[in-house]
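Each remark here refers to the structure printed beneath this line.
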Amino acid sequence: MPVTGDLFSGISNPAQGAEPITEGAVLLRGFASRTAPALINSLHDFTAAAPFRNMITPGGYRMSVAMTNCGEVGWVSDRTGYRYDPTDPLTGNRWPQMPASFLNLARSAAEAAGFAGFTPDACLVNRYEPGTRLSLHQDRDEHDFTAPIVSVSLGLPAVFLFGGLQRKDRPRRIRLWSGDIAVWGGPARLAYHGIASLADGEDPLTGRYRINLTFRKAL
């Protein structure tokens with residue numbers, strides 16, 4: 001996405017110390033650092049009921065990144081396509097309720113980035129191991145594109161790829177550390193993004209994993 005004018009255009013009252021990515025997108029460095037241990041504890045609580053799994057793409061490929069969900073609906077992928085579903089296909093039960101710590105963080109990060117009133121109904125949780133990656137894609141299975149995406153990084157550092165509105169646009173490479181939050185919406189809402197192959201390492205909070213919490217307004 002070409003950068004024109006003020007990088008914070010469309011982002012009112014950006015957080016102090018926030019780093020602009022492009023128009024409509026901002027990086028909040030260390031925004032979740034203090035709450036990270038509580039977030040991981042909450043994650044352990046609900047993954048007992050909705051464990052991580054490697055979903056299958058519509059083309060029949062096994063995704064290398066393990067995933068689970070919490071909230072009113074969860075994002076799922078199988079041979080029939082991509083969609084949001086209130087039921088976990090692995091267990092047949094509804095997805096676990098979104099923890100209050102998750103919801104409060106998503107709301108406060110969105111507001112800090114200038115997107116007041118964000119109330120996510122879905123949180124997709126990705127678990128990366130060294131060597132795994134997430135190819136460039138758009139988050140476009142949601143019904144409401146006026147709401148932003150709030151993406152929280154925990155654990156091992158990663159390289160965030162943030163491109164434009166077309167897959168061919170060359171993405172920026174942004175180093176993400178545990179506690180960083182990326183928020184994008186408005187003109188950047190459908191930007192292509194992904195994660196480069198994760199380097200090996202050990203994190204005191206997550207071990208040899210990177211955890212990503214992606215909050216969305218799906219319905």
Side-chain angles (χ1 to χ4, degrees), residues 1 3-43 65 99-118 120 123-128 130 132-134 136 139 147-164 170-189 191-216:
M1 180 184 300
V3 177
T4 58
D6 182 0
L7 284 174
F8 281 120
S9 176
I11 300 178
S12 60
N13 300 320
Q16 183 178 3
E19 298 179 10
I21 299 175
T22 189
E23 185 180 355
V26 65
L27 181 61
L28 306 175
R29 288 288 186 192
F31 198 91
S33 294
R34 290 186 178 181
T35 57
L39 297 173
I40 293 297
N41 286 339
S42 294
L43 176 65
V65 178
S101 59
F102 280 36
L103 183 59
N104 292 338
L105 177 64
R107 285 173 169 170
S108 59
E111 185 171 5
F115 297 98
F118 177 55
C123 177
L124 172 62
V125 185
N126 293 336
R127 188 183 68 187
Y128 295 80
T132 58
R133 59 187 290 272
L134 193 62
L136 287 175
D139 291 342
I149 301 294
V150 175
S151 178
V152 182
S153 292
L154 301 170
L156 290 179
V159 175
F160 184 40
L161 307 175
F162 196 86
R170 185 175 181 178
R172 290 186 57 184
R173 297 174 64 89
I174 302 167
R175 188 72 164 174
L176 295 178
W177 304 96
S178 186
D180 290 346
I181 301 183
V183 183
W184 63 96
R189 173 59 180 78
Y192 278 88
H193 57 282
I195 293 291
S197 180
L198 192 71
D200 202 356
E202 185 80 20
D203 183 86
L205 190 62
T206 62
R208 294 182 67 244
Y209 293 114
R210 173 184 183 258
I211 300 295
N212 177 237
L213 312 176
T214 304
F215 296 93
R216 303 164 178 175

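What you see below is based on every heavy atom in this structure, not just the backbone, and it leaves out hydrogens, waters and symmetry mates.
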Taking all non-hydrogen atoms of both residues, which atom of Ser151 and which atom of Asn212 are closest, and how far apart?
OG-ND2, 2.9 Å
Can you name the ring pair (Phe, Tyr, Trp, His ring centres under 6.0 Å) partners of Tyr128, sequence neighbours left out?
none
What one should report as the nearest heavy-atom pair of Arg189 and Asp139 is NH1-O, 2.6 Å
For Leu156 versus Gly201, what's the shortest heavy-atom pair and its separation?
CD2-C, 3.5 Å
Going through the distances and angles, do Leu205 and Ile211 end up as a side chain to side chain contact (heavy atoms under 4.5 Å, CB included)?
CA-CA 10 Å; Leu205 190 62; Ile211 300 295; over 6 Å; no
For Leu105, side-chain contact (heavy atoms from CB on, under 4.5 Å) partners two or more places apart
Phe31, Ala32, Thr35, Leu39, Ser108, Val152, Ile181
Can you name the salt bridge (Lys or Arg N to Asp or Glu O under 4.0 Å) partners of Arg210, sequence neighbours left out?
none
Where Val26 and Ala113 come nearest, the two heavy atoms and their spacing:
CG1-CB, 3.3 Å
As an exercise, state the distance from CG of Leu28 to OG of Ser153, rounded to the nearest 0.5 Å.
11.0 Å
Side chain to side chain donor-acceptor pair (under 3.5 Å) involving Tyr209 - partner list, sequence neighbours excluded:
none
Before giving the answer on side chain to side chain contact (heavy atoms under 4.5 Å, CB included), spell out for Leu161 and His193 the whole-Å C-alpha distance, their side-chain angles and the decisive distance to 0.1 Å.
CA-CA 5 Å; Leu161 307 175; His193 57 282; over 6 Å; no
Looking only at heavy atoms, what is the nearest atom pair of Leu136 and Tyr192, with distance?
C-CD2, 4.0 Å
From CG (Leu43) to CG (Leu154), nearest 0.5 Å
8.5 Å
Output the distance between atom CG (Leu176) and atom CG (Leu27), rounded to the nearest 0.5 Å.
6.0 Å
Parallel, tilted or perpendicular, judged at 30° and 60°: which one describes the rings of Phe102 and Phe215?
perpendicular
4.5 Å side-chain heavy-atom contact, Ile21 and Trp184
no
Can you sort out the partners of Arg133 under salt bridge (Lys or Arg N to Asp or Glu O under 4.0 Å), two or more places apart, ordered by chain and number?
none
Go through the structure and list residues passing side-chain contact (heavy atoms from CB on, under 4.5 Å) with Pro157, not counting sequence neighbours.
Arg175, Trp177
Distance-minimising heavy-atom pair for Pro148 and Ala110
CG-CB, 4.4 Å
